Amino acid sequence: MNMRWSLNELYTSFDSEEYQGDLQKFDEGLGSFIQWADKNLKSPDNPQEKITEYLNRLIELSTLVSKLMAYPRLISSVEANNELALKYLDKLQVQYSKFTQPSVQFQKFISTLDNLDEIINSSPFLREHEFYLNETKKKAQYLLSEKEEVLISKMKNTGSNAWSNLQGVLSSTLLVDIEIDGKPKQLPLPVVRNMAFDKDPNIRQKAYEAELKSYDKIAKSSAAALNGIKGEVLTISEMRGFKSPLEETLFKSRMDEETLDAIIRAIEEYLPIFHKYYRKKGELLGHRNGLPFYDIFAPIGNAIKSYTYEEARKFIVVNFRTFSDRLADFADNAFENRWIDAEPRDGKRGGAFCFNLYPIKESRILANFNGSLSNVITLAHELGHGYHGLCIQEESILNSSYPMPLAETASIFCETIVMNAVLNEASPEEQLSILESSLQDAGQVIVDIYSRFLFEKELFERRKEHSLSVNELKEIMIESQKKAYGNGLDENYLHPYMWINKPHYYYGERNFYNFPYAFGLLFSKGLYVEYLNDKKNFVKRYDDFLRATGKNNIVDVAKLMGIDVHSPDFFKDSLKLIEKDIDKFIDLIENRK
C-alpha cells in the first residue's frame, strides 16, 4: 500500500495555473479588503451591511489563504530542504500579517456598537456568526491603538519570533557527545533522547547524563531567548490590560479561571496515586529511592506483536466501527484516498500531526509508522483529529477554530477506543506492557505537565523583576519537578534543563502551553465514561458537540454533554480511570512474582 499522501487535491505544483492563480487572487483580494476596511470601518453607520460585507470578505480570504499556506506547510513537513516550499511559506506569512490592520479596525468598529445583539438578530447570516462577533467585541477591550497593534505585529518578527527561531536552531543542531560501544560519537539530540526508551538500563542512564551535559553548550543562549520572549509577553499583556499572561491565555483558550482551578485541584489530589506508580516501576527496575528521571520511559514487560500498515488500518477501522459507522468510514476513506503520509524517510519531520483542510473538506495526517503498537495508537489519535475536522466542516470557516483545551478531545477519545480493544485481546504480560506505555503517557500529561505549569508561573513572576540566569532557571525547574513528582522520582536524578528541551516555552503567542493537554486528557476520558453509560444516545450528541466546539466557550460547549467543568469531581472521575489502570499495573507486577 502506498504510504505517502497525495496533495494533488490541493495543488499539483507551485507552478501550476491553480496555485499561481489563487496566489494572485489572494494578493488582490487582500489589498481590496484592506482598502475597504480603511474606508468603511471608521464610522458606525450602516452596521449590518458593513458587518455582513466584512465577514463575507474575511471568509473568502481565510478559505483562500488557508489552502495556499497548507500546501507549502505539508510539503516542507516531508521535504525539510524544499527551498521553494519554504520560500512560498515565508512569503505568505508576510502577507498574512497584513490582516492585522483590518482586523483591528473591525474590532474597534464592533466595540462602538451598543446594539450588537439587535444587529445580529436582524439576519440569519449574522446569527450564524453570533459567537464570532461577540467574541470579537470582547477582544476589542484588550486592543491597543491601530498603530500600536501594527507595530507590535511587525516588531515580533525581530523580537519573540526571532528568539524562537534562534532557540529552534540551537536545539535542532545540538550534537550530544556520547560513548557508544566504547567509541565516542556525536549524535543529534532527538536520537539521544530516544535512548530513554531503550531496553538496556546502562544506555538509558548514559544517554540521560550525556543529554544533560550537552545542554551546557546552549544554556546561556537559550536563557537569553527565554528571557527575551517572556519579557515581551509580559510587556504586551500588561499594555493590553490583562492581570497576567495566564489570564490572557485563559481568555484566548475560552476557559475561565474556575475551570482551571477545578483541574489543578483534582490533579493535586491525585498526585500521590501517580507517585505510587512511579515508585512501583522504580522497584521493578531495582531502584530504592524512587524512579530516576532516566528510567521514566523504560519499557516494562514483553513487547507485543507488530503490525503491518494494512493490519493497522483494519484494526483501527474495525474498532472504530464499534463506536459508529461514520467514524469507521471516515478512517477507511483516509487510508484509501491517501490522506496519510506514514512512511519514515530522510528529510521528513518526526512525530505525527493532523492538518485539517477546511477548503477542500479533507485532512492530511503525518505519521512515522514502524509497525509498533504505539504507532497504531498514534494513527488512531491523529484520525480522531481528522474526525473532529469532519464534524466541523458543516460550519462556517469562522466557526471552525476551536480552542487548544478542546483540540485533543476527539483524538484521545479515538485513541482510547483502540487502546481498550488492544487490552481486551492481550495476554497478562502484553497487558503489562500496554498499560505501562499508557501510564507513561498519562504521567507526562498529568504530572509532568503540572511541573511545567508550576515552572512557567514562577518564571513569569520572577521575570517581572529581572532576567533569570541559567542557574535560577534550573533551580525553578527542579523545585517544580519535586512538587509534581514527590517521592515518585529520585530527587538526585531529575531534569534541570527541561526548560531548554520543551519548545513550548519559546512560543510568544502560546504561553502556558501545558494545562490544555491535561484538560484534553481528562475531559476526553470523562466523555468516554459518558459513552460507556449511554452508548445508544451518545454518538449523535458527541458529533453535535464536536461541531459546536468552534462557536462556544468551554463551559457552554461542555454543557451540551451534561458536563460541569467547574466541578473538580468531574476531573476526579477521569483520574479514577487512570487510578484503576495503575492498580491493575501493580497487580500484574505482583502476580508475576
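Both backbone and side-chain heavy atoms feed into the values below; hydrogens, waters and symmetry mates do not. This is a predicted model, so every value here is computed, not measured.
- Residue Glu49 places its CD atom among more than 12 non-hydrogen atoms of other residues, nucleotides or ligands, all under 6.0 Å distant.
- Proximity of a side-chain donor or acceptor of Ser164 to a complementary backbone N or O of Ser160 within less than 3.5 Å is not detected.
- Remark: of the listed residues Lys551, Lys252, Arg254, Arg254 is the sole one forming a salt bridge (charged side-chain N to carboxylate O under 4.0 Å, His left out) with Glu135.
- With rounding to the nearest 0.5 Å, the separation of OG in Ser396 from CD1 in Ile59 is 4.0 Å.
- Between Phe512 and Phe515, the two ring planes are tilted [angle within 30° to 60°].
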- prompt: Going through the distances and angles, do Tyr505 and Tyr513 end up as a ring-ring contact (aromatic ring centres under 6.0 Å, His included)?
  reply: CA-CA 7 Å; Tyr505 295 125; Tyr513 204 135; over 10 Å; no
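- Contact record, Ser97 with Thr100: O-OG1, 2.9 Å, taken as the closest heavy-atom pair.
- Here the side chains of Ser77 and Phe353 are in contact, with some heavy-atom distance below 4.5 Å.
- The aromatic rings of Phe242 and Tyr142 sit parallel to each other, their planes meeting at less than 30°, with 60° as the upper class boundary.
- No donor-acceptor distance shorter than 3.5 angstrom exists from the side chain of Asn333 to the backbone of Asp329, with no hydrogens or angles considered.
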field: Pair Ser363-His385, side chain to side chain donor-acceptor pair (under 3.5 Å): steps then yes or no
entry: CA-CA 9 Å; Ser363 297; His385 282 302; over 6 Å; no
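- Within a 6.0 Å sphere centred on CD of Glu257, heavy atoms belonging to other residues, nucleotides or ligands number 12 at most.
- Taking the side chain as every heavy atom from C-beta outward, His504 and Asn511 never approach each other to under 4.5 Å.
- Without hydrogens or angle criteria, Gln393 side chain to Lys361 main chain gives a donor-acceptor distance under 3.5 Å.
- Ser400 approaches Ile392 most closely through the heavy-atom pair O-CD1, 3.8 Å.
- Between Asp543 and Arg547 there is no salt bridge, since no side-chain N of the basic residue sits under 4.0 Å from a carboxylate O of the acidic one.
- Within a 6.0 Å sphere centred on NZ of Lys348, heavy atoms belonging to other residues, nucleotides or ligands number more than 12.
- Between the side chains of Glu268 and Tyr450, at least one donor-acceptor pair of N or O atoms lies under 3.5 Å.
- Heavy-atom minimum distance, Phe519 versus Thr259: CE1-CG2, 4.0 Å.
- The environment of CZ in Arg57 is crowded: more than 12 heavy-atom neighbours from other residues, nucleotides or ligands sit within 6.0 Å.
- No side-chain heavy atom of Arg73 sits under 4.5 Å from any side-chain heavy atom of Arg364.
- Of the residues Phe571, Tyr517, Phe545, the one that meets the ring-ring contact (aromatic ring centres under 6.0 Å, His included) test with Phe523 is Phe545.
- The pair Glu336-Arg313 meets the salt-bridge criterion, since a charged nitrogen lies less than 4.0 angstrom from a carboxylate oxygen.
- Scanning both residues, Gly386 and Asn356, for their nearest heavy atoms gives CA-OD1, 3.5 Å.
- Taking the ring centre of Tyr11 as origin, the terminal cationic atom of Lys67 falls inside the region bounded by 6.0 Å and 45° from the ring axis.
- Counting only distance, with no hydrogens or angles, the side chain of Arg452 and the backbone of Asn514 share no donor-acceptor pair below 3.5 Å.
- Salt bridge Lys108/Glu149: absent, no basic N to carboxylate O contact under 4.0 Å.
- Ion pair Lys314/Glu310 not flagged as a salt bridge, since none of the NZ, NE, NH1 or NH2 atoms sits closer than 4.0 Å to an Asp/Glu carboxylate oxygen.
- The main-chain N or O of Asn370 is found under 3.5 Å from a side-chain atom of Asn375 such that the two form a donor-acceptor pair.
- A donor-acceptor contact shorter than 3.5 Å is absent between the side chain of Ser253 and the backbone of Leu250.
- To the nearest 0.5 Å, the span separating CD1 on Ile397 from CD on Glu395 amounts to 12.5 Å.
- Taking the ring axis of Tyr278 as reference, the NZ or CZ atom of Lys276 does not stay both within 45° of it and closer than 6.0 Å to the ring centre.
- For the residue pair Ser567 and Ala262, the shortest heavy atom distance occurs at C-CB, 4.0 Å.
- Side-chain contact, Glu408 with His381: a donor N or O sits under 3.5 Å from an acceptor N or O.
- Using a 4.5 Å heavy-atom cutoff, the side chains of Met255 and Ile263 are in contact.
- Under the 4.5 Å side-chain criterion, counting only non-hydrogen atoms from C-beta, Leu271 is not in contact with Tyr485.
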message: side-chain contact (heavy atoms from CB on, under 4.5 Å) for Glu382 and Leu366? Distances and angles first, verdict last.
response: CA-CA 8 Å; Glu382 300 305 334; Leu366 179 140; over 6 Å; no
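- Atoms OG1 and CE, on Thr249 and Met404 in that order, are 11.5 Å from each other to the nearest 0.5 Å.
- Counting only heavy atoms from C-beta outward, the side chains of Leu406 and Ile554 approach each other to under 4.5 Å.
- Remark: aromatic rings of Phe369 and Tyr307 are distant, center separation not under 6.0 Å.
- Neither side chain, Thr63 nor Glu60, offers a donor N or O lying under 3.5 Å from an acceptor on the other.
- Looking at heavy atoms from C-beta onward, Ile316 lies out of side-chain contact with Ile417 at the 4.5 angstrom threshold.
- Remark: Asp573 engages Lys576 in a salt bridge, criterion side-chain N to carboxylate O under 4.0 Å.
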message: Quick one, Ser451 with Gln481, criterion side chain to side chain donor-acceptor pair (under 3.5 Å). Give me CA distance, side-chain angles, the key distance, then yes/no.
response: CA-CA 5 Å; Ser451 75; Gln481 288 173 353; 5.2 Å; no
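- Within a 6.0 Å sphere centred on CG of Asp114, heavy atoms belonging to other residues, nucleotides or ligands number 12 at most.
- The only member of Tyr387, Phe320, Phe323 that meets ring-ring contact (aromatic ring centres under 6.0 Å, His included) when paired with Phe413 is Phe323.
- Residues Asn399 and Glu128 have side chains that never bring a donor and an acceptor to within less than 3.5 angstrom of each other.
- Here the closest non-hydrogen pair linking Leu41 and Pro102 is CD1-O, 4.3 Å.
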field: Residue pair Met561, Glu530: steps toward the side-chain contact (heavy atoms from CB on, under 4.5 Å) verdict
entry: CA-CA 8 Å; Met561 301 303 292; Glu530 294 288 319; 5.6 Å; no
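- Ion pairing between Arg265 and Asp261 fails under the 4.0 Å rule for side-chain N and carboxylate O.
- When only modelled atom types and interatomic distance are considered, His566 and Asp256 share a side-chain donor-acceptor pair under 3.5 Å.
- His388 and Thr409 share no donor-acceptor pair across their side chains, judged by distance under 3.5 Å alone.
- At most 12 non-hydrogen atoms from other residues, nucleotides or ligands lie less than 6.0 angstrom from OH of Tyr96.
- Panel note: side chain Thr112, backbone Phe109; a donor-acceptor pair is recorded below 3.5 Å.
- A heavy-atom distance below 4.5 Å is not found between the side chains of Phe570 and Leu522.
- Side-chain contact check for Tyr528 and Asn420: at least one donor-acceptor pair (N or O, by modelled atom type) lies under 3.5 Å.
- There is a side-chain donor-acceptor pair under 3.5 Å between Tyr277 and Glu436.
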